[in-house]
Every structure is written in C-alpha cells, then in structure tokens.
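Down below is the structure, laid out as structure tokens.
This structure is a prediction, so every number in the text was calculated from the model and none was measured. Order of appearance sets the numbers: ligands from 1, and atoms from 1 within every ligand. For the numbers below, each heavy atom of this structure counts, side chains included, while hydrogens, waters and symmetry mates do not.
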Amino acid sequence: MKNNENLSTGPAVQRDGFRSVLGAFTATLGSAVGLGNIWKFPYLTGVNGGAAFVFAYLICVAVVGLPLLVAEHVIGRRMRLNAVHAYENVVPNERAWSLIGFAGVLAAVLIMAFYTDIAGWVFAYVAKSVAAFATGSGPLTKESFASLAGGSLEPLAWQAGVIALVTVVIAAGVSRGIEKVTKFLMPVLLGLLILCDIRALSLPGAFKGVSFLFAPDFSKITGGVILAALGLSFFKLSLGMGTMTTYGSYLPDGTRIVPNATRVALADTVVSLLAGLAVFPAVFAFGFEPSAGPSLLFISVPMIFSKMPLGGLFTSLFFILAAIAAVGAMISLIEVPTAWMSEKGRIKRPVAAVISGAVMLLLGVLATLSQGPILSNVKIFGKNFFDVFDFASSNVLLPIGGVAIAIVAGWRLARKEFIAELDKGYGKTPWYSKTIYAFIKFVAPVLIVVILLNSLGLLKL
Ligand code: PHE
C-alpha cells in the first residue's frame, strides 16, 4: 500500500474481512480467549497470591485494556491495513510509527514460540487423557508431565503439529478461515467450561478456592504483582502488538466499536474467572499447592479430576477445551505477520502463512528444548528461552507497544477523525465516545509508564 490517496477509502484491491457483526465479535473474542485464560490466568493468580492479583488484573483490564482495544480497532478499521502498514500510514509524514507494527511482528513470533509449546502439551494431553479414559488406565501423573515437557522429540512433534494446523486455517483466509472456525468454537468452549465448573464447585471444600479467587488480601499487592497483572491484561486481550489492529481492519463498518470491545473484554474476563473457578476449588478441596506455576494445569487438573467420579471424562473435556481456546488465539498470532507479508504484495497469502509458521517453529524449538536437558542450562538474564520469550513479550514489548499506540491514537491522530471512526454504526456520537477517548489519551499511557518505571525501580510507588 504505497498510494496515499487510497488510504481514506481503503485499499484498491478487494480485501477479505469479517462478513457479519456476529462473526466479527466471535473472531475478536477468539483471539482474546486462549491459553491466557485457562493456563496463564490460573497460574499467575496462584503464584501472585490469589484475589489481590485478580483485583489488580480487573482494574488493568478496565482502565488500560479496554481503552487500548478500542484504540486498536479504530486505527485498524480506519486504515483497513495490516499492522505494519496501518501504523506506517496512520499519521501523515510520520512513517516511523510503523515500528509499532514491526515490534508487533516480533512479539507475535516470540509469543508463538512459547505458546505453541504449551499448546503442544495441551494437544498431547487431549490424546493421552482420551486414551486413558478409553482404556481405563490410571490418571496422568506428575511423572507423565515431566517426561512430556522435559522431553525433546515428543513435545517438538506436538508443537510442529499445532503450528501446521493453524497455518492451514490462516492460509484459508479471513472469512473462510478465521470467522468460520471461531464462530463454531466459542460456544462449544463456554459450554464445556461451565460443565467443568459445576463439577469442581460441587466438591466438598470448594469454598476455600472460591475465596482464594475473590476475597483479596491487599497486603499481597507489590510492584511485581501489578506489572504481572498489567502484562496479563495485554496478553489476554491480544493488545500492544497489532493483533487487534489487524482484526480491526476486518471489522465491518456496521460494528459499533465501543460496545463490541466492551463485550469482548467482559466475555474474556468471565472465561478467565470461570477457568479459575474450575481450577482453584478443586486445588483446595484436594490440598494441592495453588502456587505450582506453569505446570499447575497439567499436574493438578488431571490429579484433581482423577479423584472424582467420571474424572477421566472431565480431564479429557478440560484439555479439549484448552485446545479449542488455544487455536483461536494462535490463529490471530500468526495472522499478524501473514497479513503484513501478503499485503506487501509479492507474497501470496498461503505462502506468507507458511513462512510465518516456519519462523515461529524455529524459535519455538528453542523454547521447547529449554524445558528439557538439552537447553535448560542456557540462560539469558537468568531465564531460559521459554521464560525470556514470555517475559520480553508480555511484560516489555506489549506494554511499550501499548504506550505507543495510545500516543498515536490520542495525540497524533486528529480527535475528529478518531471520534468519526468510533461513531460508525450510530446516528450521533454516544456519550461514552469522549470518555473512552480521554482514557486512551491520558489514563492508559500514564498508568503503563508508571507501572513500567516502578518495575524498573526508577519510580517508587
Ligand atoms: N490473547 C491470547 C490468550 O489469552 C494470546 C494472544 C496474545 C493472542 C497476543 C494474540 C496476541 O491466550
């Protein structure tokens, strides 16, 4: 997209996009909902002391996450371009903002590198738990997890399989691929999750888990806890790296951006809380350690369910659910580089998808092997590859990207243009357009900068 005249009317070529307002909603929600809800939210809540972290997280979603989601959708739909080209052209004569898009492509690759490792475990657990249920063999144990995660060929094969799967969906396109798949997956996911909740909540002693999740002990809040909550809110809502800008570019003009984004943020948060309600009551009922870390899901959940009637069935259901959630999110991660490369013109969409998948697999191998003997000794700033990719994306790249996006939307783009895009689908400007604009312009960037400075020790709160 070189031709500036075309920008206000959209690109000259016919561009694929979401065909319906409902499809646009489920696809956006499909990007947000993922392992972030089912794996990361429970484990971070467990590690960071429970309800106090949940409280900090909810605030971050409301005052930073939601406004930024709106900002990304506005910029995306206004430009109708992939993230790199959208930011390159959104402010006349300030092409350097394309760095937001490039940083986003980098973040997408880093996130996919560790995300597909976890997703590979999830798919492996689907196969293993279904097999165990069918043959009536014992539950998946701590040892079975250690041998999977600490292995090399087995997790790599699952990881490669997962990447191949999402590459195929992405190659199929936006409306035929993304929209179709997510419209079907989201309701199935919700149904399965509620089933697991009912099971967990009906356990004797379940209440302790509920209060761990909802009764905050504010003395547990530290700078590190707040940074983790902020990072999770970016990761959860797929913000700060152009995913939601790219999806914004596929939104129909009939979509009302603020209500759509609010519904996405709310539904996503509900899914996280439902996941927490499936995990923690059972953790406490059976006396497990809530702060087990990334393995919480894989070690506790099968053990927990194994002690209940029909446990094998619920274990399988739980991992099928996690797999479904992971697919929608991975689709949106691989879409960022794919859309950029294919809209640069020379590369066809399926080829762009394969190149993206291949690069992600390359880095992904590092993340996966860093969990086992082969690379576990290689440390960068004291962290292995997996943890470096995770920390650098969620706690560094995404928040910095978020500040840059807030600056573009709030300070570099004319207010009139921003509000005009926001108001599409309405007769007149609704009252909340101005409020959300103020959050984008002032509240979100200031808060992010304060939290980042505080975590670097440059500012004492
Ligand atoms: N939001 C996804 C999840 O919660 C992860 C994700 C992050 C997807 C960034 C796209 C971009 O699992």
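Among L333, I100, L106, V105, the one residue that satisfies the side chain to side chain contact (heavy atoms under 4.5 Å, CB included) test with M241 is L333. When each of D117, V166, V162 is tested with M112 by the rule side chain to side chain contact (heavy atoms under 4.5 Å, CB included), just one qualifies, namely V166. Of the options Y250, W340, Y247, a side-chain hydrogen bond (donor to acceptor under 3.5 Å, both in side chains) to E335 is made by Y250 and by none of the others.
A donor-acceptor pair shorter than 3.5 Å can be found between the side chains of S31 and S332. Inspection of the S272 and K40 side chains reveals no N or O donor paired with an N or O acceptor under 3.5 Å.
Formation of a donor-acceptor pair under 3.5 Å by the R256 side chain with backbone atoms of K424 is not found in this model. Between the side chain of E72 and the backbone N or O of G240 there is at least one donor-acceptor pair closer than 3.5 Å.
In summary, the atoms of ligand 1 found under 4.0 Å from a heavy atom of G34, numbered by their order in the structure, are 3 (C), 4 (O), 12 (O). Atoms of ligand 1 found under 4.0 Å from any heavy atom of M241, numbered from 1 in the order shown, are 9 (C), 11 (C). Shown in contact with A32 at under 4.0 Å from a heavy atom are these atoms of ligand 1, numbered in order with element: 1 (N), 2 (C), 3 (C), 4 (O). Close approach to G36 involves these atoms of ligand 1, each under 4.0 Å from a residue heavy atom: 3 (C), 4 (O), 12 (O). Listed by atom number, the atoms of ligand 1 under 4.0 Å from S31 heavy atoms are 1 (N), 2 (C), 8 (C). Of all the atoms in ligand 1, the ones that sit under 4.0 Å from a non-hydrogen atom of T243 are 10 (C), 11 (C).
For the pair S332 and ligand 1, the shortest N or O to N or O distance does not fall below 3.5 Å. Between K236 and ligand 1, at least one pair of N/O atoms sits closer than 3.5 Å. Residue L239 places no N or O, backbone or side chain, under 3.5 Å from any N or O of ligand 1. Taking only nitrogen or oxygen atoms, main chain and side chain alike, L333 does not reach within less than 3.5 Å of ligand 1. Here's the thing with A329: none of its N/O atoms is less than 3.5 angstrom from an N/O atom of ligand 1.
In this structure, W39 has no heavy atom closer than 4.0 Å to ligand 1.
Side-chain rings of F145 and F298 approach one another, their centers coming within less than 6.0 Å.
The aromatic rings of F41 and Y57 are tilted relative to each other, their planes meeting at an angle between 30° and 60°. Using bins of under 30°, 30° to 60° and over 60° for the plane-to-plane angle, the ring pair F235/Y115 lands in the tilted bin.
Comparing heavy-atom distances from atom 7 (C) of ligand 1 across Y247, F234, F235 singles out F235 as nearest.
Y115 OH, 2.4 Å is the protein heavy atom nearest to atom 12 (O) of ligand 1. The single protein non-hydrogen atom nearest to atom 8 (C) of ligand 1 is S238 OG, 3.3 Å, given as residue, atom name and distance.
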